[in-house]
Each structure stands twice: as structure tokens, then as C-alpha cells.
Amino acid sequence: MNEDFGQVYDQYIERIYRFIFLKVTSQETAEDLCADVFVRVMNQMEKTRIENIQAFLYQIARNTLADYYRERAKFRVVPVEEIGDIIDPPEGIIRQAAVHSDMDRIRENMAELEDEEQNLIIWRYLDELSIPEIAQLTGKTEGNVRVGIHRALQELKKKMSGQEKEIV
């Protein structure tokens, strides 16, 4: 079982982390939630055989995110920016921020999409899953998946182009 879990972890850790990271506000939160997902998966693998590990992982990730946001809604989380401790950032952090600015912009716009639209874009373009794999994950037909991806991309493009107009 440990070897099986190790293989699953190695194969899917980056995909699951990226899936979660794009839906939360911080790297630390994404790391914590990702760890929770793999703990749940490991516990389940000890109990039963899982037929479709990829679908199971994403289902656990979605459930973990739902639990996180449900719990978070109970409390007001104060963003670091509101705390008031202003520290001069090291040069490396400034460079890293510049490199990731496009990703932040995409993540902000994706946050405005419906959850299903976000999932389709992440699975297709970041995780590079095939249309049949996504259909299996969602329980939809391949045609519905294609249409959903197209509509999600159109919506994201519309939000991104609207943001550019606001900036100018």
C-alpha cells in the first residue's frame, strides 16, 4: 500500500496543488489543503481499493476546498495588507512578484468564474487532461465538456479584456 500511495502522490501532487492553489489566496493555505487531501486519500487507500484514483483525488480536493470555505465563512480573515506592518521586501521577492503578476491576474479573473468553469480550465489547460478524462471526472458527455470548456474560456477572456480596459 505504501508503494501505491507513493506512486499516486508523485504522479498527482503537482496537479492537485495547482488545482487548489488557483482557488485559494495563499501558497501556505494551498500547501495545507493539499496535505489534507493526500492524508484523506492515504486513509481511504488503506481501507478500500479505489478504481479511478484521478477522479477520487479531484473529488477529495473539491470537498476539501468546500470545507475550507465553509469554515472560513464563519470567521472574518484579516488580509495581511490590513494589519499595517509594512516591511521593505527583499529584492528576490520583488522579482518573484513581477514574474507571477500575470498568474495573479489570471487567478483573480478565474475567481470570478463559476466553480465548474474554473475546474474545466484547470483540468484542460493546466493539468492537460484529455476531454474523455474530464468527462469521466464530471460525469458529463465529451460534447458537454467541450462546450463547457469553450464557454469557460470565453467568459475568462471577457473578464480579462474588461480588466485591461479598466487599467488603461
Side-chain angles (χ1 to χ4, degrees), residues 5-42 44-45 50-70 72 79 92-168:
F5 177 75
Q7 290 173 341
V8 167
Y9 182 87
D10 290 343
Q11 185 175 353
Y12 291 101
I13 183 65
E14 289 180 22
R15 289 179 181 187
I16 297 301
Y17 173 80
R18 184 173 44 237
F19 177 77
I20 292 171
F21 180 73
L22 290 169
K23 293 178 177 265
V24 297
T25 56
S26 76
Q27 180 178 348
E28 294 81 13
T29 302
E31 289 170 357
D32 290 345
L33 294 175
C34 194
D36 289 347
V37 167
F38 281 95
V39 167
R40 290 180 183 184
V41 169
M42 183 176 67
Q44 192 62 35
M45 286 178 77
I50 300 168
E51 293 297 320
N52 184 339
I53 193 67
Q54 180 172 267
F56 184 73
L57 277 164
Y58 280 111
Q59 185 61 48
I60 296 295
R62 287 191 302 251
N63 291 344
T64 301
L65 284 163
D67 293 345
Y68 167 74
Y69 280 111
R70 194 175 308 114
R72 188 172 177 217
I93 292 176
I94 294 171
R95 215 175 304 124
Q96 185 179 9
V99 169
H100 293 293
S101 65
D102 284 342
M103 186 61 152
D104 289 341
R105 196 168 137 243
I106 291 170
R107 184 173 43 194
E108 287 171 10
N109 284 289
M110 281 194 55
E112 296 177 18
L113 297 177
E114 296 292 323
D115 193 49
E116 184 176 333
E117 293 172 325
Q118 292 176 23
N119 294 345
L120 291 172
I121 290 171
I122 291 168
W123 289 331
R124 183 67 177 138
Y125 297 102
L126 298 175
D127 291 346
E128 299 177 346
L129 298 181
S130 67
I131 299 294
E133 288 173 316
I134 297 170
Q136 189 175 21
L137 287 173
T138 60
K140 297 184 177 199
T141 66
E142 291 180 24
N144 285 346
V145 169
R146 282 188 187 89
V147 169
I149 291 169
H150 176 74
R151 288 181 179 162
L153 284 175
Q154 293 302 102
E155 189 65 27
L156 181 61
K157 286 177 186 176
K158 185 168 71 175
K159 291 183 183 310
M160 299 279 292
S161 66
Q163 188 181 49
E164 288 173 4
K165 291 175 186 171
E166 292 173 13
I167 293 172
V168 175

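Starting from 1, each residue takes its place in the sequence as its number.
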Check whether any side-chain heavy atom of [X] lies under 4.5 Å from a side-chain heavy atom of [Y], and answer yes or no.
| X | Y | value |
| --- | --- | --- |
| I122 | M110 | yes |
| Q54 | R15 | yes |
| I60 | I16 | no |
| T64 | I20 | no |
| L137 | E133 | no |
| I131 | I149 | yes |
| Y68 | D36 | no |

More than 12 foreign heavy atoms under 6.0 Å from [atom1] of [X]: is that the case here?
| X | atom1 | value |
| --- | --- | --- |
| Y69 | OH | yes |
| E14 | CD | no |
| R40 | CZ | yes |
| E142 | CD | yes |
| E114 | CD | no |

### Task
Please work out which of the three classes, parallel, tilted or perpendicular, describes the rings of Y17 and F21, given edges at 30° and 60°.
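Answer is parallel, since the angle falls under 30°.
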Rounded to the nearest 0.5 Å, how far does [atom2] of [Y] lie from [atom1] of [X]?
| X | Y | atom1 | atom2 | answer |
| --- | --- | --- | --- | --- |
| I13 | Q11 | CD1 | CD | 12.0 Å |
| Y58 | Y12 | OH | OH | 8.0 Å |
| N52 | Q59 | CG | CD | 11.0 Å |
| L156 | L120 | CG | CG | 12.0 Å |
| R151 | L153 | CZ | CG | 12.5 Å |
| I134 | R146 | CD1 | CZ | 10.0 Å |

### Query
For the residue pair F38 and F5, what are the closest heavy atoms and their distance?
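Result for this residue pair: O-CE1, 3.4 Å.
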#### Entry: E155/K159 ion pair, N-O < 4.0 Å
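Here E155 pairs with K159 in a salt bridge, since their nearest N and O are under 4.0 Å apart.
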### Message
I'd like to know if D115 pairs up with R62 as an ion pair, taking the criterion as any Lys NZ or Arg NE/NH1/NH2 lying under 4.0 Å from an Asp or Glu carboxylate oxygen.
### Response
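Salt bridge flag = no for R62 with D115.
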### Modelled atom types, side-chain donor and acceptor of K23 and N119, under 3.5 Å
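Distance-only check passes for K23 and N119.
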### Message
Closer than 3.5 angstrom, by distance alone: can the side chain of R18 be matched with the main-chain N or O of L126 as a donor-acceptor pair?
### Response
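Yes; at least one donor-acceptor contact below 3.5 Å.
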